[in-house]
Amino acid sequence: MDYTMRKDRREPIQEMSFLPECRNVIALDDLILAMDNLNEAAGISFHDEDAERLQRFPLRLGYSCLLFVSSGRVRFNADFRDIAVKGGMCAVIPVGTILERVDTDPGTRLVFLWFSPDGLPSSSPDRQGDASPLNALRISTPVLQPVHEDMFKRVYGMLRTMMADPAFEVNRSRCVFHCLNLLDGILAQGTPCGSQRPARASRRDEIVARFLQGVQGNYRQHRDLGFYADLLGLSLKYMSHVIFEQTGRHPSQWIKDYVILDAKTMLRSRRYTVQQVAEELNFPNQSFFGKYFKEAVGVSPKKWVRQEDGGVS
């Protein structure tokens, strides 16, 4: 893996445009980006004047990231989950996560680490077969956990130094790899907040978790409930009953929400036409997708885009 420092690749910074400007940013090619405001006079906070510059939501992340909050609080919605990251906590957010909103408390101090899917080497540059660094990022859903703040800051400082200091030019790949292993070890020491629930989840909780995991991985290709019942090895009637009883929502609504949120994300990006969105989501044609979208949102995809742009509905 080539970790040569390049300053002309700004894709991660552009994707982080949902955050206010922060001067303390350093990038290693387009593989790893680090940003923090730990030493700035005032912590990050949102203001009305930021509205035009901030990324509009929903936004699908093309990079995995670690969000560490030293003080204050960051709140966001990721894949239909409301998450609040307070001081001394770290959120691990995998690539592909859809963010619907992000906001911070005034004066929040934080660290953002952004990793391209190509920025996580699978083995040591020296020895094949070494443990992969940052296994914490190889997840499918966001995870919130406490971390040892002092240790995290020390390793983060070393990582920034290795990314920028000319003294590491020759052995940068090796140094960065080992630093990532240290960071992974610190994350491994933390206990995911979700582990505070009973050690043994109920059978119905397991069904819900497996169903949502299945939807996350297959909603673009499969919207038929029978597919998910077969995936879980359950009857359609029993699966529907359990999902509705445990979540208060019918399984078809879960599937539709994932499809519509993804559609909005692509439409918002302006990189896809309505026809291309229909194809990406495996609809038979644009007309069928338009009806599906309008039924869920209340307006056609094109009208929704115009409304988001401030046009007349």
Engineer: Say whether, by atom type as modelled, one donor and one acceptor occur between the side chain of Asn218 and the main chain of Gly214 under 3.5 angstrom.
Structural biologist: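 Side chain of Asn218 to backbone of Gly214: a pair is present.
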Engineer: How many angstroms lie between CG in Leu159 and CG in Leu183, if you round to the nearest 0.5 Å?
Structural biologist: 7.0 Å
Engineer: Without swapping roles, check the side chain of Arg172 against the backbone of Met163 for a donor-acceptor pair under 3.5 Å.
Structural biologist: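 Yes, Arg172 side chain to Met163 backbone: donor-acceptor pair under 3.5 Å.
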Engineer: Are Val176 and Cys179 side-chain neighbours, meaning at least one heavy-atom pair lies under 4.5 Å?
Structural biologist: no
Engineer: Below 4.5 Å, heavy atoms only, C-beta onward: do Gln246 and Asp205 meet side chain to side chain?
Structural biologist: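 Gln246 vs Asp205: side chains touch.
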Engineer: Anything under 30° is parallel, anything over 60° is perpendicular, the rest tilted; go ahead and classify Tyr258 against Trp254.
Structural biologist: tilted
Engineer: Taking Phe244 as the starting point, is it possible to reach Ile207 by hopping between hydrophobic residues whose side chains are less than 4.5 Å apart?
Structural biologist: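 Ile207 and Phe244: separate clusters.
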Engineer: Hey, are the side chains of Asn77 and Leu99 touching, using non-hydrogen atoms and a 4.5 Å cut-off?
Structural biologist: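 Side-chain contact under 4.5 Å: no.
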Engineer: Compare all side-chain heavy atoms of Leu234 with those of Val242 and state whether any distance is below 4.5 angstrom.
Structural biologist: no
Engineer: Can you give me the closest heavy-atom contact between Lys256 and Ala296, atom names plus distance?
Structural biologist: CD-CB, 3.8 Å
Engineer: Do the non-hydrogen side-chain atoms of Asp36 and Phe68 ever get within less than 4.5 Å of each other?
Structural biologist: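 A side-chain contact is absent here, since even the closest heavy-atom pair is not under 4.5 Å.
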Engineer: How about Tyr238: does its OH atom have over 12 heavy atoms from other parts shown lying under 6.0 Å from it?
Structural biologist: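 Atom OH in Tyr238 is packed in, count exceeds 12.
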Engineer: Heavy-atom distance under 4.5 Å between the side chains of Val277 and Pro301, does that happen here?
Structural biologist: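 Val277 does not reach Pro301 side chain to side chain.
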Engineer: Quick check for you: to the nearest 0.5 Å, what is the distance between Tyr292 atom OH and Ile260 atom CD1?
Structural biologist: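 With rounding to 0.5 Å, OH (Tyr292) is 5.5 Å from CD1 (Ile260).
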Engineer: Have a look at Val74 and tell me which of Asp105, Asp103, Val102 forms a side-chain contact (heavy atoms from CB on, under 4.5 Å) with it.
Structural biologist: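 Answer to the side-chain contact (heavy atoms from CB on, under 4.5 Å) test with Val74 among Asp105, Asp103, Val102: Val102.
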Engineer: Can you classify the ring geometry of His222 versus Phe227 as parallel (below 30°), tilted (30 to 60°) or perpendicular (above 60°)?
Structural biologist: parallel
Engineer: Starting at CE of Met35, measure out to CG of Leu110 and round the result to the nearest 0.5 Å.
Structural biologist: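 Answer rounded to 0.5 Å: 5.0 Å.
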Engineer: Can you see whether Gln276 engages Glu280 through a side-chain donor-acceptor pair at a distance of less than 3.5 angstrom?
Structural biologist: no
Engineer: Do you know which of Lys302, Glu279, Met266 makes side-chain contact (heavy atoms from CB on, under 4.5 Å) with Val274?
Structural biologist: Lys302
Engineer: Which distance, rounded to the nearest 0.5 Å, do you find between the CZ of Arg73 and the OG1 of Thr104?
Structural biologist: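 Arg73 atom CZ to Thr104 atom OG1 measures 10.5 Å (nearest 0.5 Å).
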Engineer: Mark yes or no for whether Arg270, through its side chain, and Arg268, through its backbone, hold a donor-acceptor pair below 3.5 Å.
Structural biologist: yes
Engineer: Nearest 0.5 Å, please: how far is OG in Ser300 from CD in Gln307?
Structural biologist: 8.5 Å
Engineer: For the backbone of Asn37 and the side chain of Arg109, can you confirm whether one donor and one acceptor N or O come within less than 3.5 Å of each other?
Structural biologist: yes
Engineer: Considering all heavy atoms of both residues, which atom of Leu225 and which atom of Ser252 are nearest to each other, and what is their separation?
Structural biologist: CD2-N, 3.8 Å
Engineer: Using the rule given for side-chain contact (heavy atoms from CB on, under 4.5 Å), can you reason through Leu33 versus Phe112, listing the C-alpha separation, both sets of side-chain angles and the distance that settles it, and then say yes or no?
Structural biologist: CA-CA 8 Å; Leu33 182 143; Phe112 249 99; 5.9 Å; no
Engineer: Kindly determine whether Leu212 and Val208 satisfy side-chain contact (heavy atoms from CB on, under 4.5 Å), including the steps that lead there.
Structural biologist: CA-CA 6 Å; Leu212 293 178; Val208 172; 4.0 Å; yes
Engineer: Partners of Asp150 by side chain to side chain donor-acceptor pair (under 3.5 Å), sequence neighbours excluded?
Structural biologist: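 Arg154.
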Engineer: To check you understand the geometry: which heavy-atom pair defines the closest contact between Val297 and Lys264, and what is its length?
Structural biologist: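 In terms of heavy atoms, the two residues are closest at CG2-CE, 4.0 Å.
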Engineer: Mind listing the closest non-hydrogen atom pair of Ala278 and Asn285 along with its distance?
Structural biologist: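 Reported closest heavy-atom pair: CB-O, 4.1 Å.
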Engineer: For Leu281 versus Arg223, what's the shortest heavy-atom pair and its separation?
Structural biologist: O-NH1, 2.7 Å
Engineer: Would you say the side chain of Leu66 lies within less than 4.5 Å of the side chain of Phe115, judging by non-hydrogen atoms?
Structural biologist: yes
Engineer: Do Glu149 and Lys153 meet the salt-bridge criterion of a basic N to acidic O distance under 4.0 Å?
Structural biologist: yes
Engineer: Taking Ser240 for the side chain and Lys237 for the main chain, is one N or O donor matched with an acceptor at less than 3.5 Å?
Structural biologist: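 No; judged by distance alone, with no hydrogens or angles, the pair does not exist.
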Engineer: Could you grab the distance from atom CD1 of Ile32 to atom CG of Leu113, nearest 0.5 Å is fine?
Structural biologist: 8.5 Å
Engineer: At their closest point, which heavy atom of Leu38 faces which heavy atom of Ser70, and how far apart are they?
Structural biologist: CD2-CB, 3.9 Å
Engineer: Is the shortest heavy-atom distance from the side chain of Val299 to the side chain of Arg306 under 4.5 Å?
Structural biologist: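 Contact flag for Val299/Arg306 side chains = no.
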Engineer: Passes side-chain contact (heavy atoms from CB on, under 4.5 Å), Tyr156 versus Ile186? Steps please.
Structural biologist: CA-CA 11 Å; Tyr156 171 68; Ile186 292 174; over 6 Å; no
Engineer: What class does the angle between the rings of Tyr228 and Phe211 fall in, given that below 30° is parallel, 30 to 60° is tilted and above 60° is perpendicular?
Structural biologist: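 Aromatic pair Tyr228/Phe211 classed perpendicular.
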